[in-house]
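Below you'll find the structure, written out as structure tokens, and then a few comments.
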Amino acid sequence: MHDKVRRRAGIAVLVAVAGTTMATLSACGNGGNTAAICKDAERAFGDFSVRLNTISPTEAAQWQQASGDLATRLDGLAKKSDDARLKKALTDMAGSWHSFGTTVATNGETSQLSAMLAAQPQRLTAACR
């Protein structure tokens with residue numbers, strides 16, 4: 001039950017953070033394709049937050065799939081990015097989501113979710129400026 005509460009709290013935090021990220025990313029873009037990549041990253045996080053609201057807290061495989069899908073999208077955006085700082089931020093975030101998905105699937109542990117949700121939107125916003 002404790003994990004269930006933690007996962008639901010994590011979803012609520014992600015929804016709030018995604019909203020904040022979307023508001024702050026409107027200022028992103030220093031040239032090249034940065035603005036487009038930032039907008040796509042914003043969309044990826046928004047889609048992820050919507051998806052998490054449909055996943056049962058007890059379905060570790062679905063959490064792993066959702067995390068893996070987000071990681072794949074972020075990896076793809078990193079490969080397209082012309083900006084080295086944005087590329088690194090997206091690559092690092094993708095690695096975190098791959099790791100998170102594996103951890104959830106292996107033992108159902110979601111403790112790193114809060115830290116990721118607190119740090120990643122700020123890092124993305126900074127990389128998009």
From Leu90 CG over to Cys38 SG, what is the distance, rounded to the nearest 0.5 angstrom?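 Answer rounded to 0.5 Å: 7.5 Å.
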Report the distance from atom CZ of Phe48 to atom CD1 of Ile55, rounding to the nearest 0.5 Å.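 The distance works out to 7.0 Å.
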Can you check whether [Y]'s main-chain N or O pairs, donor with acceptor, with [X]'s side chain at less than 3.5 Å?
| X | Y | result |
| --- | --- | --- |
| Ser49 | Gly46 | yes |
| Trp63 | Ser56 | yes |
| Arg85 | Arg129 | yes |
| Ser81 | Leu77 | no |

Going through the checks in order, is the side-chain contact (heavy atoms from CB on, under 4.5 Å) test met by Glu109 and Thr103? CA-CA 6 Å; Glu109 181 57 49; Thr103 300; 4.0 Å; yes
Derivation and outcome, side-chain contact (heavy atoms from CB on, under 4.5 Å), residues Leu70 and Phe100: CA-CA 11 Å; Leu70 176 60; Phe100 174 76; over 6 Å; no
Working for side-chain contact (heavy atoms from CB on, under 4.5 Å), residues Leu86 and Ile37: CA-CA 9 Å; Leu86 179 57; Ile37 296 295; 3.5 Å; yes
For Thr72, which residues count as a side-chain contact (heavy atoms from CB on, under 4.5 Å) partner, sequence neighbours excluded?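 With sequence neighbours excluded, Thr72 shows a side-chain contact (heavy atoms from CB on, under 4.5 Å) to His98, given in chain and number order.
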Kindly state each residue pair satisfying ring-ring contact (aromatic ring centres under 6.0 Å, His included) with at least one member in residues 108-129, sequence neighbours excluded.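 Passing the test, one end in residues 108-129: no pairs.
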Qualifying ring-ring contact (aromatic ring centres under 6.0 Å, His included) pairs with a residue from residues 71-96, counting only residues at least two apart or across chains: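 Checked against ring-ring contact (aromatic ring centres under 6.0 Å, His included) - neighbours excluded - no pair reaches residues 71-96.
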Can you name the residues that form a side-chain hydrogen bond (donor to acceptor under 3.5 Å, both in side chains) with Gln65, not counting sequence neighbours? Asp69
Which residues pass the side-chain hydrogen bond (donor to acceptor under 3.5 Å, both in side chains) test with Lys80, not counting sequence neighbours? none
Please identify each residue that fulfils salt bridge (charged side-chain N to carboxylate O under 4.0 Å, His left out) with Asp75, with sequence neighbours left out.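 Asp75 satisfies salt bridge (charged side-chain N to carboxylate O under 4.0 Å, His left out) with no other residue.
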